[in-house]
Peer 1: 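My questions all concern the structure below.
Throughout, a chain's letter reflects where its sequence line sits, starting with A, and its residues are numbered from 1.
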Amino acid sequence: MPELPEVETMARDLHKRVRGRTVVGVTVHKPDVLRGATPRKLQRVLVGRRIVRVWRRAKLAVIDFDSGARVAVQPRFTGSFVVERSGRGADQYCTLHLALDDGRRLHYRDVRRLGTFQLFTPKEFEAYVSKLGPEPLEAGFTGDWLYELLQRSIRPVKPLIMDQHRLAGVGNIYASEALWRAKIDPSRSARTVSRKEAELLRDAIVSVLGESIELRGTTIRDYAEGAFADKLDAYNRAGEPCRRCGTRIVLTHAIDGRATYFCPRCQR
DNA sequence: AATCGTTCCTGATAGC
DNA sequence: TGCTATCAGGAACGAT
């Protein structure tokens, strides 16, 4: 399930492969992944346009075109990109593709189709991203800023740091990991987190995301890239010993109905 | 304004 | 063996 490190990896890889290419055709097989455009409109807006950059914001892979148009892809669970020479490498899960001027095709592939492929004008894109929280790997994300955010909410700290409108890019895996590193119980009301703990949590979020990007993300279930799965301390380790204290890691669904992994002894 | 419940989708898995 | 039921999960949306 792609979160910030996985989408960063997807965007960097795609940038290297398609930057500078011009779209010569658009084919949509599964229109339900489209947002903001019909297949006809997508074709009208993108054909003849050159891809100038592929980058990431929050958990979105963003494709910039020379006209200023942008496509934001939300892979959610099973979305991915496939770039191939016409004919080979595509399957029934490829929902749409952009034909490129060098004969290759850029496919958006999505088994469950909970992901989205959204066309924006520059103004629409700006309005959308302005509602997202800050990027945790950029300068504004400090311990003081996080402390102030946590102070304003009575919600459990884990869903709060996963709220994309508060902080961008952190999902279920890295929330569990960061809280384990910071020794904070995921169910604690956000406002009970001290300034010192907020500083530790900030550092944990930055370090876990950075280390995962270096390993190209976490391969678990749907997302099939990256070696960070071996480095997980909490997520997906139910019943296994905590690497700090040896206590068995607990899996609970009591917080927002989401799988949450934590050490009941050293996370307080 | 903040928070909560519902919905989208299909492969993998469990249970009979 | 082959069927059915259950589960996973991010975020938009409507309701409170």
Peer 1: In this structure, how many angstroms lie between the P atom of B/dT6 and the CG atom of A/Asp256, rounded?
Peer 2: 13 Å
Peer 1: Taking only N and O in the side chain of A/His165, is any of them less than 4.0 Å away from OP1 or OP2 of C/dA11?
Peer 2: no
Peer 1: If you assign each of A/Tyr128 and A/His253 to its closest nucleotide in DNA chain C, which residue comes earlier from the 5' end?
Peer 2: A/His253
Peer 1: Tell me which nucleotide among B/dT3, C/dA11, B/dC9 gets nearest to the side chain of A/Arg112.
Peer 2: B/dC9
Peer 1: Let me know the distance between CE of A/Met162 and P of C/dA12, rounded to the nearest Å.
Peer 2: 14 Å
Peer 1: For the pair A/Thr142 and A/Asp144, evaluate side chain to side chain donor-acceptor pair (under 3.5 Å) and give the outcome as yes or no after the intermediate values.
Peer 2: CA-CA 5 Å; A/Thr142 64; A/Asp144 282 344; 5.5 Å; no
Peer 1: Could you please name the option among B/dC4, B/dC9, C/dA12 that lies closest to any side-chain atom of A/Arg113?
Peer 2: B/dC9
Peer 1: Can you check whether A/Arg155 has a side-chain N or O nearer than 4.0 Å to OP1 or OP2 of B/dA1?
Peer 2: no
Peer 1: Nearest to the side chain of A/Ile154 - B/dT3, C/dA11, C/dG9?
Peer 2: B/dT3
Peer 1: Look at the rings of A/Phe120 and A/Phe125 and say which category their plane angle falls in: under 30° parallel, 30 to 60° tilted, over 60° perpendicular.
Peer 2: perpendicular
Peer 1: Figure out the CD1/P separation between A/Ile173 and C/dG9, and round it to whole Å.
Peer 2: 9 Å
Peer 1: Going by an N to O cut-off under 4.0 Å, is there a salt bridge joining A/Arg155 and A/Asp163?
Peer 2: yes
Peer 1: Given atom NZ of A/Lys131 and atom P of B/dA1, what is their separation to the nearest angstrom?
Peer 2: 13 Å
Peer 1: Roughly, in whole Å, what's the span from CG in A/Leu60 to P in C/dA11?
Peer 2: 8 Å
Peer 1: For the side chain of A/Leu114, counting heavy atoms from C-beta on, which of B/dC4, C/dA8, B/dC8 is nearest?
Peer 2: B/dC8
Peer 1: Please indicate whether A/Arg19 has more than 12 foreign heavy atoms, meaning atoms of other residues, nucleotides or ligands, lying under 6.0 Å from its CZ.
Peer 2: no
Peer 1: Within the pair A/Tyr93 and B/dT10, is there a side-chain N or O less than 4.0 Å away from OP1 or OP2?
Peer 2: no
Peer 1: In whole angstrom, what separates A/Gln92's CD from B/dC9's P?
Peer 2: 17 Å
Peer 1: Salt bridge between A/Arg104 and A/Asp102, side-chain N to carboxylate O under 4.0 Å?
Peer 2: yes
Peer 1: Counting the atoms with a prime plus P, OP1 and OP2 as sugar-phosphate, which does A/Arg35 contact under 4.0 Å by heavy atoms, base, sugar-phosphate, or nothing?
Peer 2: nothing
Peer 1: With A/Arg244 as the cation and A/Trp180 as the aromatic partner, state whether NZ or CZ is under 6.0 Å from the six-membered ring centre and within 45° of the axis.
Peer 2: yes
Peer 1: How many Å lie between CD on A/Gln151 and P on B/dA2, as a whole number?
Peer 2: 15 Å
Peer 1: Counting only side-chain heavy atoms from C-beta out, which of B/dT3, B/dC9, B/dT10 sits nearest to A/Asp32?
Peer 2: B/dC9
Peer 1: Looking only at side-chain N and O atoms, does A/Lys30 come under 4.0 Å of OP1 or OP2 in B/dC9?
Peer 2: no
Peer 1: So if I take every side-chain heavy atom of A/Gln74 and compare against C/dG9, B/dG11, C/dA12, which nucleotide ends up nearest?
Peer 2: C/dA12
Peer 1: Using a 4.0 Å heavy-atom cut-off, does A/Asp110 contact any base of the nucleic acid, only the sugar-phosphate backbone, or nothing at all?
Peer 2: nothing
Peer 1: Please work out if A/Ser153 contacts a base, only the sugar-phosphate, or nothing of the nucleic acid, heavy-atom cut-off 4.0 Å.
Peer 2: sugar-phosphate
Peer 1: Using whole Å, what does the distance between atom P of nucleotide C/dG9 and atom CD of A/Gln164 come to?
Peer 2: 15 Å
